[in-house]
S.K.: 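Here's a structure for you.
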Amino acid sequence: MTAIQLPKTYDFKSTEERVYARWEEQGYFKPANHPRKKGFDPSRKPFVISIPPPNVTGELHLGHAMFVAMEDLMIRYQRMKGVPALWVPGSDHAGIATQLKVEEDLLRTEEVTRDELGREEFLKRTWAWKEKYHAIISRQIRRLGASVDWSRERFTLDEGLSLAVREAFVRLYEKGLIYRGPRLINWSPGLRTAVSDLEVEYNEEDGLLYFFKYRIQGSDDFIPVATTRPETILADTAVAVHPQDARYQKFIGATALVPMLDRHIPVIADEYVDREFGTGALKITPGHDANDYQIGMRHKLPIISILDEAAHITKEGGPYAGMDRFAARKKIWADMRAKDLVIKTESYRQRVPRSQRGGEIIEPMISTQWFVTIQSLAQPALEAVDSGRIKIVPEYFTKVYRNWMENIQDWCISRQLWWGHRIPVWYASDGSMFCARTEEEALAQAKARFGKAVELKQDPDVLDTWFSSGLWPFSTLGWPQATPDLAYFYPTSMLETGYDILFFWVARMIMMGLEFTGQVPFHTVYLHGLVRDDQGRKMSKTLGNVIDPLEVMDKYGTDALRFTLLVGSTPGQDVNLSLDKVGANRNFANKLWNAGRFVIGALDGAPATMNAELQPTLADAWIWARAKQVMAVCQRLFETYQYGEAGRQVYDFFWSEFADWYIEIAKLQLAEGGDRALKTCDLLVRVLDICLRLLHPFTPFITEELWGHLKAASLAHPANLPTHGGQWPEALIVAPWPGPLPDEGKDEGALRDFAIFQETVRSIRNLRAEKNVKPGQKLAAMLASTDCFEMLDNQRQPLAALTQLDLDKLQITRSMEKKPDGYVGLVAGPVEIYVSLAEALDPIFERARIEKELAAARQQVQRLQKLLDSDFGQKAPDNVVEKEKARLEGFKSTARSLEEQLKNTR
RNA sequence: GGGCGAGUAGCUCAGUUGGUUAGAGCGCUUCCUUUACAAGGAAGAAGUCGUAGGUUCGAGUCCUAUCUCGCCCACCA
């Protein structure tokens with residue numbers, strides 16, 4: 001027999017790399033059943049996740065680590081259950097984000113702007129950037145252990161997906177759900193593009209509220225007005241007051257004069273105005289404010305734009321034309337002061353709209369953009385979730401989703417960028433539009449229209465990144481082609497992502513999935529929380545609290561990081577990642593390794609044949625019963641998405657039951673040699689095997705590695721120890737999830753007896769610790785118990801070994817007439833314990849100790865008696881009452897034993 | 001203004017059909033380098049589960065109110 005020796009320490013770094021490479025080479029990441037495979041069975045239901053495609057802008061962060069850990073866990077679980085599991089990988093071109101990065105990079109390295117470079121050259125550079133960062137990010141995703149099917153990897157700008165994007169656009173256009181027109185949109189002056197409502201963030205900031213006079217034409221009177229943005233005065237087209245406001249009644253219908261420009265604008269009455277706020281009079285700027293825009297529509301006011309693309313004042317701004325918006329603000333205020341139009345300024349806390357990307361202040365302005373009419377898409381999307389066809393975990397996010405869907409506005413989908421999907425619309429010189437899948441098609445349309453070939457120009461804008469991400473679950477499977485993959489794998493099963501992109505991504509996928517495929521894109525949405533630092537703060541560069549997952553993996557291993565993220569998280573709840581915790585989980589991996597080493601070592605030297613008739617010991621029966629329970633609990637928890645709790649269950653079972661108790665007792669059983677030793681090995685192998693399988697979705701690397709060694713050692717052993725399933729699969733990643741385990745029919749008894757055994761051991765250990773008995777010193781003891789006599793008698797050896805009792809001086813009886821002299825009395829449930837400890841014996845101290853324990857026991861008896869006498873006895877279910885009754889009996893017998901001991905102690 | 005989440009041991013957090021002595025990790029105290037493991041083992045201290053009511057035989061768990069913190073949505077100039 002060749003002994004298999006495991007290295008003393010687990011080298012996670014080299015193992016992770018080697019194990020992942022083997023998985024990938026062996027093709028384990030491909031679904032077990034798929035259309036291109038021989039013997040394809042379309043009736044087998046697959047489990048499918050589309051990866052939230054990482055941006056090609058940068059490197060791995062903890063958000064990636066989180067979703068990879070979570071989704072990999074789900075995929076591995078399903079794969080082990082025998083379900084054909086497909087995890088589709090890919091990445092996102094991330095329009096604005098990437099373009100920004102590349103622009104910054106070019107400016108820094110070559111000192112050129114994108115305009116100097118030109119569109120074509122800039123895109124070439126951006127593709128090069130994409131190649132570089134795509135390589136980095138996919139290597140890092142591998143590092144996390146993602147068992148994605150790399151052969152199906154997609155990129156949002158690749159040919160197939162671009163086709164899907166154009167198809168989607170054309171279909172919406174032809175249905176009349178896409179329109180183009182001037183609307184008030186959010187404009188990012190630095191990026192010189194429109195952004196959607198979702199891309200604007202509002203920051204609380206200190207600012208000023210400017211109070212000034214709106215002069216009335218033909219009088220010396222004025223209306224006081226307040227604003228936070230004085231430069232927008234230049235674009236005012238009305239002054240509004242509340243129709244019932246007594247102060248301003250007389251002005252309604254009058255003409256006001258715009259400061260500095262003396263433009264004539266009406267004073268109007270509108271319910272919208274809040275009489276309490278500011279001066280109670282409101283300047284109306286339909287060109288640069290969303291609410292004013294609405295009021296402007298109601299009153300058919302003209303719209304004036306005073307800002308250009310770069311937020312410089314336009315010629316509409318008269319003397320201020322060409323100035324920057326903030327410079328203009330200062331200048332106009334100074335000029336107004338000179339003309340006695342200024343009343344005062346007040347400091348004011350306001351919410352400032354800023355770009356989610358650049359951070360600069362967003363200007364609402366009128367601009368011609370493309371929009372998706374959202375109502376007809378939102379309705380089915382709302383219904384799909386309300387009806388339960390899509391289930392959101394945790395459930396409370398359903399409300400958040402509904403709230404947003406019900407108040408959704410048309411979606412501005414055009415961006416004035418270069419990096420992205422070009423809008424598939426071409427214009428003729430007369431301005432007529434042709435929306436088509438290809439330029440040829442557009443040209444053909446134009447020819448048909450004009451009766452001759454004409455030149456067309458494609459719309460220079462690109463689409464919002466989220467337009468293409470919205471198609472992700474089906475575009476990655478081949479849509480719009482009716483591919484076999486699409487037929488088999490779509491709709492997908494699970495969409496797992498952070499709750500921060502519920503609206504950006506999840507909601508849009510639901511709308512577009514229903515619109516284009518007529519089906520929900522996925523059945524379940526699992527939303528994880530955001531990863532924060534150990535104090536719950538958002539990680540940010542300015543705070544300096546960013547944790548780099550790569551460093552964490554270097555230091556503690558991927559498994560430790562994954563386990564921490566998975567076990568430390570509850571659906572929808574943020575995770576505060578502490579490195580202490582990762583360290584603790586690294587220790588867990590170490591514990592696994594060492595326990596594995598022990599089990600494998602135990603095989604070496606065990607006999608070759610086993611007596612099948614040999615009865616399991618108490619510890620054997622107990623650990624098997626517990627393994628069965630843990631497996632069942634895990635199963636239930638996995639099915640209800642309570643992965644963290646499942647991980648904790650296995651962690652605790654493995655460490656504090658299997659390692660702390662069973663292995664310790666197994667050492668004794670192994671020392672017995674013969675059949676007993678082999679039987680023990682068998683159980684060690686089987687329970688370890690089950691633990692490794694249950695843990696594999698959490699910590700794939702160490703479990704695969706250890707399991708491989710365990711398998712080799714078991715097969716090398718002459719007895720050819722099987723797993724509980726009877727055979728050893730080729731790798732843990734494709735091993736079956738532990739199914740129902742064979743029942744040995746005496747679980748209840750074993751669980752109860754072992755608990756008493758543990759309590760007995762703990763009491764004696766406790767005594768030794770309290771009395772400072774030297775570890776090596778063997779003590780004599782007597783144990784008495786009517787109920788547990790046989791059990792204790794059978795457990796003499798482990799009992800003595802675990803508590804350092806002298807086996808030859810360990811007496812076990814059914815009852816004790818009188819406490820022997822020089823012995824300290826203890827009680828562990830139904831067991832009376834007497835330990836020879838003459839030198840430590842102080843009757844006064846002992847009496848005090850026993851009295852204290854007795855008082856506690858009596859109190860429990862009283863409490864339980866009272867409980868059982870109350871309505872509880874009648875109304876609570878029988879099993880609950882029975883449990884309490886048993887408990888009461890336990891305390892009664894403990895009290896009786898203590899009374900005996902008290903009597904005997906003087 | 002509307003909505004959501006959280007408040008449990010010194011710290012960070014688990015605790016999903018309500019079951020009666022509330023758990024973990026880290027930290028803390030005492031002891032132990034015994035051939036799986038000191039990244040370890042044994043024993044231990046530590047919590048009126050934010051507050052006040054309510055439902056119930058029974059509430060950390062359900063309901064109402066309230067306080068504190070965090071987030072999301074809407075944007076009163």
Side-chain angles (χ1 to χ4, degrees), chain A residues 6 8-10 197 202 209-210 225-229 232 240 272-274 276-285 289-292 348 350-351 353 394-397 399-400 403-404 407 499-500 502-503 529-530 534-536 556 564 567-570 572-578 580-581 583-602 636-637 640-642 644-645 648 651-652 656 659-660 663-664 667 761-762 765-770 772-776 802 804 856 859-860 863-864 867 870-877 879-881 883-884 887:
Chain A
L6 261 57
K8 218 169 157 165
T9 50
Y10 168 59
D197 297 348
Y202 291 84
L209 192 54
Y210 299 80
V225 173
T227 181
T228 52
R229 295 182 296 159
T232 63
Y272 172 81
V273 181
D274 178 355
E276 308 301 315
F277 190 87
T279 63
L282 178 61
K283 67 190 228 26
I284 303 299
T285 322
D289 183 279
N291 288 310
D292 293 5
Y348 182 63
Q350 57 177 331
R351 286 167 61 86
E395 206 240 324
Y396 59 76
F397 271 106
K399 275 193 205 168
V400 179
N403 190 1
W404 187 74
N407 298 300
Y499 64 75
D500 54 329
L502 178 62
F503 306 140
L530 276 28
D534 56 358
Q535 290 161 60
Y556 300 105
T564 308
V567 165
S569 72
T570 315
Q573 221 59 259
D574 292 350
V575 188
N576 297 352
L577 185 77
S578 91
D580 276 352
K581 231 174 226 176
N585 290 325
R586 183 267 322 262
N587 294 355
F588 177 58
N590 185 248
K591 189 77 182 175
L592 266 173
W593 186 255
N594 281 302
R597 237 157 46 90
F598 172 80
V599 172
I600 287 163
R636 183 178 61 79
L637 291 170
T640 50
Y641 313 107
Q642 298 176 75
E645 187 57 26
R648 246 167 267 129
Y651 178 102
D652 287 340
S656 53
D660 287 352
I663 286 186
E664 290 311 312
K667 286 175 184 170
V761 170
R762 281 201 195 98
R765 282 174 171 172
N766 184 358
L767 178 75
R768 295 184 65 108
E770 272 181 11
N772 272 318
V773 180
K774 286 264 166 340
L802 296 184
Q804 294 277 21
Q859 204 187 336
Q860 290 299 328
R863 186 182 67 81
L864 287 164
L867 179 68
S870 72
D871 288 353
F872 174 82
Q874 273 79 55
K875 299 197 180 174
N879 59 330
V880 177
V881 175
K883 224 166 83 188
E884 295 310 315
R887 210 179 248 168

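Throughout, a chain's letter reflects where its sequence line sits, starting with A, and its residues are numbered from 1.
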S.K.: Quantified in whole Å, what is the P atom distance between nucleotide B:rC73 and nucleotide B:rG27?
M.R.: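 About 39 Å, rounded to a whole number of Å.
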S.K.: Could you please name the partner base of B:rC71, counting Watson-Crick and G-U wobble pairs only when both distances are under 3.5 Å?
M.R.: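 In the structure as shown, B:rC71 has B:rG3 as its Watson-Crick or wobble partner.
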S.K.: Taking the C1' atom of each, how far is B:rC75 from B:rG2, in whole Å?
M.R.: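 The answer is 12 Å between these two C1' atoms.
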S.K.: Counting only distance, no hydrogens or angles, is the base of B:rA42 paired donor-acceptor with the side chain of A:Arg765 under 3.5 Å?
M.R.: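 Per atom types, no contact qualifies.
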S.K.: Given that both distances must come in under 3.5 Å, which nucleotide forms a Watson-Crick or G-U wobble pair with B:rU33?
M.R.: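 The answer is none; no pair meets the criterion.
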S.K.: For B:rU56 versus B:rA9, give the span between their P atoms, rounded off to a whole number of Å.
M.R.: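 Straight-line distance between the two P atoms is 30 Å.
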S.K.: Name the pairing partner of B:rU61, where a pair is Watson-Crick or G-U wobble with both distances under 3.5 Å, or state none.
M.R.: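 Partner of B:rU61: none.
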S.K.: Is there a Watson-Crick or G-U wobble partner for B:rG10 with both distances under 3.5 Å, and if so, which one is it?
M.R.: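 Per the H-bond distance test, B:rC26.
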S.K.: Considering only B:rA39, B:rG41, B:rG25, which nucleotide approaches the side chain of A:Ala584 most closely?
M.R.: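 Comparing B:rA39, B:rG41, B:rG25 against the side chain of A:Ala584, the answer is B:rG25.
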S.K.: Kindly say whether, by distance alone, the side chain of A:Glu645 makes a donor-acceptor pair under 3.5 Å with the base of B:rA24?
M.R.: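 A donor-acceptor contact between them is absent.
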S.K.: Which value, in whole Å, describes the distance between the C1' atoms of nucleotides B:rA46 and B:rC11?
M.R.: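 That atom pair is separated by 13 Å.
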S.K.: Using the closest heavy atom to pick a nucleotide of RNA chain B for each, name whichever of A:Ala876 or A:Tyr396 lands nearer the 5' end.
M.R.: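 Comparing both residues, the 5'-ward one is A:Tyr396.
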S.K.: For a ring-ring contact (aromatic ring centres under 6.0 Å, His included) with A:Phe588, tell me which candidate from A:Tyr556, A:Tyr651, A:Trp593, A:Tyr10 qualifies.
M.R.: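 Only one option passes, and that is A:Tyr651.
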S.K.: Could you tell me how far B:rU34 sits from B:rC28 if I compare only their P atoms? Round to whole Å.
M.R.: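 It comes out at 23 Å once rounded to the nearest Å.
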S.K.: Please determine whether any donor N or O and acceptor N or O are separated by less than 3.5 Å between the side chain of A:Lys399 and the base of B:rC4.
M.R.: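 Answer no: no donor N or O sits under 3.5 Å from an acceptor.
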S.K.: What's the separation between atom CD1 in A:Ile284 and atom OG1 in A:Thr232, rounded to the nearest 0.5 Å?
M.R.: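 Between A:Ile284 CD1 and A:Thr232 OG1, I get 10.5 Å after rounding to 0.5 Å.
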S.K.: Starting from the 5' end of RNA chain B, give me the residue, A:Thr9 or A:Gly572, whose nearest nucleotide shows up first.
M.R.: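 Per heavy-atom nearest nucleotide, the more 5' residue is A:Gly572.
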